[in-house]
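A quick write-up on the structure given underneath.
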2 protein chains.
Amino acid sequence: MRDRDGGLTMAPGRVGDVRRRNLALVLGCIGPDTRATRADIAAATGLTKASVSSLVSELLETGLVEELGVTRAGERGRPGVGLALSSRPVALGAELNVDYLAVGAVDLHGNLHFHEVAEAPNRGRAPREVLGELSGLAARCASAAMDAGMTLLGGGLAVPGLVDPARGVVLAAPNLEWRDASLSPALGELAPEAPFGVALSNEADSAALAELWYGHGSAFGAYLYVSGEVGVGGGLVMGSKLFAGPGGHAGEVGHVVVEPGGRRCSCGGRGCLETVAGQEAILAAAGITDGGSTTAARMAALQAALEAGDAQAITAVERAGHYLGIAVVSAARVVDLSAVVLGGHFAALSGWIRPALLSSLDGFAPGVIAQEAVAFSELGTTAALRGAAGAALRRALAAPYALLA
Amino acid sequence: MRDRDGGLTMAPGRVGDVRRRNLALVLGCIGPDTRATRADIAAATGLTKASVSSLVSELLETGLVEELGVTRAGERGRPGVGLALSSRPVALGAELNVDYLAVGAVDLHGNLHFHEVAEAPNRGRAPREVLGELSGLAARCASAAMDAGMTLLGGGLAVPGLVDPARGVVLAAPNLEWRDASLSPALGELAPEAPFGVALSNEADSAALAELWYGHGSAFGAYLYVSGEVGVGGGLVMGSKLFAGPGGHAGEVGHVVVEPGGRRCSCGGRGCLETVAGQEAILAAAGITDGGSTTAARMAALQAALEAGDAQAITAVERAGHYLGIAVVSAARVVDLSAVVLGGHFAALSGWIRPALLSSLDGFAPGVIAQEAVAFSELGTTAALRGAAGAALRRALAAPYALLA
DNA sequence: CCCATATAGTTCAGGACACATACTAATTCT
DNA sequence: AGAATTAGTATGTGTCCTGAACTATATGGG
């Protein structure tokens, strides 16, 4: 049953909810380095010092928070005890992509540890086999973390495709040639002991969140992330969270119509952004048909051509930037955004894409997206992995009571 | 200060919050006709019968809920007492538009009472003067409601322009030629006694919500509402609420780029939907330059031309439908929607627009928006007013404790 | 007609938790 | 050294949900 506002908030409010909420609230005031004291938190939240004390002592029990010892000499009065997020709890981040597998452990300070990448031709390979290999990497990473005295809270696995996070199923991953692949048993084995489990996510969504937490997004608060890969994906971040949309697939700018008279798209539509700004489309327009059999190798050849000043290559990339601008404007209009972060090959080609994109934005919607609000990702291939791990960390921070006896 | 999830939930959870939440929760189980009993509610919410009894008795005090007397004979056991939303509380809905003013009172069953429309040439008129006239209408409506034994909870005023609801300011209403007009003192006078005050809203947003609560939207749950007026506005409804976006102006499909090589738009951009599907654009393409000085009169002439089978008029409208489809597809892709409701002149021209729109949707994004998911508004000119009143009613239902001593 | 059974709703003790107030602790200013 | 100032803790009170016992009102079988 749904309440009148449509939220699934049919659960009754119990007395204990207040404490749970306040635990998360207090934890939210404690940053990696803020050295907030109990008194600061009381002032910030409006809770009494008594309540904060009691809440903090429970948070200390969870291991998420540490006391830093007496802080701030020089002012009058008894000095407070600084509180900060511990750097011992970590989450496992993993990415399963067409050409490689990657894992790493991210702590609450945002540091990436034990990062490891393994090349692997996963296209068309059986999910079981791929996950077996990933499992080995994850186990190494997890045991290295254990040896370093860290504790594993949870994990996240990002894949290039449509997922159902609740059931742990990859609905469709065309570039892997997977359909309806249930990863949920394998996810459990990636981090068996982790209290918050391992969640499945879309790679573009995870990268979008990584940008928010560890990259450029933090400066914006609300933005569209566009990830250029073989396809063109995207994620919408607003109010410091991913906006999934009613069906869970919001932010798919790859199939916004940017050229009504344009080519057919694999989605069945026509004139989609992907048909003019996807990797294959750019390569074709640039006339790069050789340079290696894989798309990645040919992208490298494109880069070389651009650096050599090849006119056809430059035109091809500028054209992509132009159409990218149209899609961004349309998205900005629909959801009222004013910033974009570009990742994947758009980031790699930023030098050539940026001017075309800016002039397109200015031509189609002057003033909507400022120059400073166009950012290019610097997280590279760690983005998805960091985002997946970050999401797991935030699940823990949102439910600290789950760590209490 | 914001917590880690970005919500402005920095307010501490207090013990009393539980009750407030549960009051709204229980109220959410009581519909206009559901005849839910206390026992039903206990079962549905998970609250104990004791708690529900206590909560219900407070809700009865607010006057929002009524006991219908003993219900359900024929089954074993003591019969329960049916509960339903009272039809005495109402909210005032008002619309201030270019050509007319309208008011009405909407009750919790969704019935519109004392609806009154007054033609008024408001373009370029001073806000004070217009609101004075509106005030007279509102007073008549309110006193009629009082005489009928109703109580006024709150109200809403919808205007065709960008608003800041929090401050009660019309930021820009080009068709009224208003800029930065503060209506907040006048809003207070529209319903001085109403405990929930009078809120200012955008007309398209209100119409979008009216569709959700009193029209086609209830069948969809999530949809894009596109309102064709002089300009083309819109509202995004998801999760049974209006999605405002980070800046508060989401759903503005009027300026989605649908024709990259197209005409300049008043917004400074190029190829916007409004330049091909706004009233002026359609009229110009249809070759209708006479038929009266006002746009409304010329739209009537267009209608006549269409009915007479005028080829140029038909082509013009079909062209608008074609481009409307492109904008809808782009919006659907960005926020993952699968339904549209069309209002304003799009609804008036539905017979001619519908086929063109459907074929456009099918061409650009087959399968994304099904035929059954394209609806045309039937609320006509009461839409904005009903939406504004409905929002006021829902504010009351969300905060029933505000009505208690 | 009376009693078993079933369901609706109320009363009351118990527990969780935030709050207010008063207290102790630790530091700086004079 | 003592006053002033700020941090953090201890204790009693009020709110409100829970659970169990209780009352109220219906049906159905003997």
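Residue numbering restarts at 1 for every chain, and letters A, B, ... go by the order of the sequence lines. Here the structure is a predicted model, which is why all the values come from computation and not from measurement. No hydrogens, no waters, no symmetry mates; every other heavy atom, side chains included, goes into these values.
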What's the CG-P distance between A:L83 and D:dA7, to the nearest Å?
13 Å
Rounded to the nearest angstrom, tell me the gap between atom CD1 in B:I41 and atom P in C:dT7.
18 Å
Can you tell me how far C1' of D:dA4 sits from CZ of A:R76, to the nearest Å?
5 Å
Once base and sugar-phosphate atoms are separated, protein heavy atoms under 4.0 Å mark nucleotides 12-23 of chain D, 5' to 3', with B, S and - as ---BSSBB----
Whole Å only: how far is the CG atom of B:L60 from the C1' atom of C:dG9?
13 Å
Intermediate values then yes/no, side chain to side chain contact (heavy atoms under 4.5 Å, CB included), B:E67 and B:R38
CA-CA 10 Å; B:E67 289 192 325; B:R38 290 167 177 77; 2.6 Å; yes
A:R19 atom CZ: more than 12 heavy-atom contacts under 6.0 Å
yes
Given atom CD of B:E75 and atom C1' of C:dA6, what is their separation to the nearest angstrom?
11 Å
Rounding to a whole Å, what distance do you find between B:E67:CD and C:dG9:C1'?
11 Å
Which atom names give the shortest non-hydrogen contact between B:S201 and B:S206, and what distance separates them?
OG-OG, 2.7 Å
Ion pair present between A:R20 and A:D17, side-chain N to carboxylate O less than 4.0 angstrom?
yes
Result of checking A:D107, A:L403, A:V90 against A:L153 for side-chain contact (heavy atoms from CB on, under 4.5 Å):
A:L403
For B:L157, which of B:V163, B:L200, B:L92 qualifies under side-chain contact (heavy atoms from CB on, under 4.5 Å)?
B:L200
Have a look at A:V81 and say if it touches a base, only the backbone sugar-phosphate, or nothing, with a 4.0 Å heavy-atom cut-off.
sugar-phosphate
